[in-house]
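In what follows, a single structure is set out as structure tokens and then discussed.
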Amino acid sequence: AQSVTQLGSHVSVSEGALVLLRCNYSSSVPPYLFWYVQYPNQGLQLLLKYTTGATLVKGINGFEAEFKKSETSFHLTKPSAHMSDAAEYFCAVSPQYDKVIFGPGTSLSVIP
Amino acid sequence: DTAVSQTPKYLVTQMGNDKSIKCEQNLGHDTMYWYKQDSKKFLKIMFSYNNKELIINETVPNRFSPKSPDKAHLNLHINSLELGDSAVYFCASSQDGGPQETQYFGPGTRLLVL
């Protein structure tokens with residue numbers, strides 16, 4: 001069965017510091033991989049996704065993620081955190097034949 | 001223009017009541033979904049429809065019944081509401097349900113059962 005784990009349910013960073021949100025997955029076939037962001041009292045919106053090709057994927061708002069097959073990871077990074085980045089972040093995997101499975105989410109706080 | 005809209009945004013009701021949540025998308029997508037997000041933010045798919053046909057029907061109580069009158073609308077009817085149904089319910093859509101596709105989410109309906 002496919003699953004997604006996100007290390008750290010809460011992450012705090014200082015404004016201007018590096019953001020690193022971790023995502024690991026288990027899948028019997030190479031999946032499609034997503035990061036979604038949920039701002040308070042809003043629905044989820046796509047940050048970035050990996051389907052095929054280049055393993056380093058750039059998304060909106062300065063975020064990027066790298067697919068590492070050998071580590072079954074898809075960690076999300078941003079070089080410099082901004083106050084507006086405070087939100088809930090969800091990693092998701094979509095095996096090529098089945099529905100999208102969302103991770104439990106990581107709440108990011110940005111300290112001024 | 002709102003891509004995926006849901007009504008109502010908030011719903012407070014008593015146990016045992018029946019309620020409906022409506023969802024509409026104007027993206028021209030063929031596939032729509034209902035998700036439940038619990039108090040710990042865990043997001044779980046409930047149903048998906050492709051062009052009005054039920055595709056995914058997860059293990060949810062049969063008190064929950066989706067209805068898709070056309071491919072732009074997917075409504076969720078809940079009978080005999082229970083305390084445990086309190087959650088945020090999200091509607092989403094994607095082009096045709098392919099695994100690589102982006103899902104577009106509505107703003108959510110916050111259901112509180114008293």
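Here is the naming used below: chain letters follow the sequence lines, and residue numbers restart at 1 for every chain.
Only the side chain of A/Tyr36 comes within contact range of chain B, judged by heavy atoms closer than 4.5 Å. With a 4.5 angstrom heavy-atom cutoff, B/Gln103 touches chain A via backbone and side-chain atoms both. Heavy atoms of B/Tyr104 lying under 4.5 Å from chain A are absent altogether. Neither the backbone nor the side chain of B/Tyr33 comes within less than 4.5 Å of any heavy atom in chain A.
Under the 4.5 Å side-chain heavy-atom criterion for grouping Ile, Leu, Val, Met, Phe, Trp and Tyr, A/Val19 is connected to A/Leu47 within one hydrophobic cluster. Residues A/Val57 and A/Val4 share a single hydrophobic cluster, defined by chaining ILVMFWY side chains whose heavy atoms lie under 4.5 Å apart. Both A/Leu21 and A/Tyr25 sit in one connected hydrophobic cluster of ILVMFWY residues. Membership requires side-chain heavy atoms under 4.5 Å apart, directly or through other members. When hydrophobic clusters are built by joining Ile, Leu, Val, Met, Phe, Trp and Tyr residues whose side-chain heavy atoms come closer than 4.5 Å, directly or via intermediates, B/Ile21 is grouped together with B/Met15. In the hydrophobic cluster analysis, where Ile, Leu, Val, Met, Phe, Trp and Tyr join through side-chain heavy atoms closer than 4.5 angstrom, B/Val88 is grouped apart from B/Leu81.
Other residues, nucleotides and ligands contribute over 12 non-hydrogen atoms within 6.0 Å of the NZ atom of B/Lys71.
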Verify side-chain hydrogen bond (donor to acceptor under 3.5 Å, both in side chains) between B/Thr102 and A/Lys49, making sure each step is shown before the conclusion. CA-CA 8 Å; B/Thr102 300; A/Lys49 66 179 177 181; 3.2 Å; yes
Check the pair A/Phe34 / B/Glu101 against side chain to side chain contact (heavy atoms under 4.5 Å, CB included), numbers first and verdict last. CA-CA 10 Å; A/Phe34 306 79; B/Glu101 293 176 358; over 6 Å; no
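For the atom pair A/Ser107 OG and B/Lys41 NZ, the distance stands at 8.0 Å (nearest 0.5 Å). For the atom pair NZ (A/Lys99) and CD1 (B/Ile55), the distance works out to 13.0 Å, reported to the nearest 0.5 Å.
The nearest pair of heavy atoms linking A/Phe90 to B/Gln37 is CZ-NE2, 3.4 Å. The minimum heavy-atom distance linking B/Phe105 with A/Leu44 is given by the pair CB-O, 3.3 Å. Listed here is the closest heavy atom pair of A/Gln42 and B/Arg110: N-NH2, 3.7 Å. Taking each heavy atom of A/Ser94 and B/Pro99 in turn, the nearest pair found is OG-O, 2.8 Å.
Put simply, the side chain of A/Ile101 does not reach to within 4.5 Å of the side chain of B/Ile45, judged on heavy atoms. No side-chain heavy atom of A/Phe102 sits less than 4.5 Å from a side-chain heavy atom of B/Lys44.
Interface remark: of the candidates A/Leu46, A/Asn41, A/Leu33, A/Asn41 forms the most heavy-atom pairs closer than 4.5 Å to chain B.
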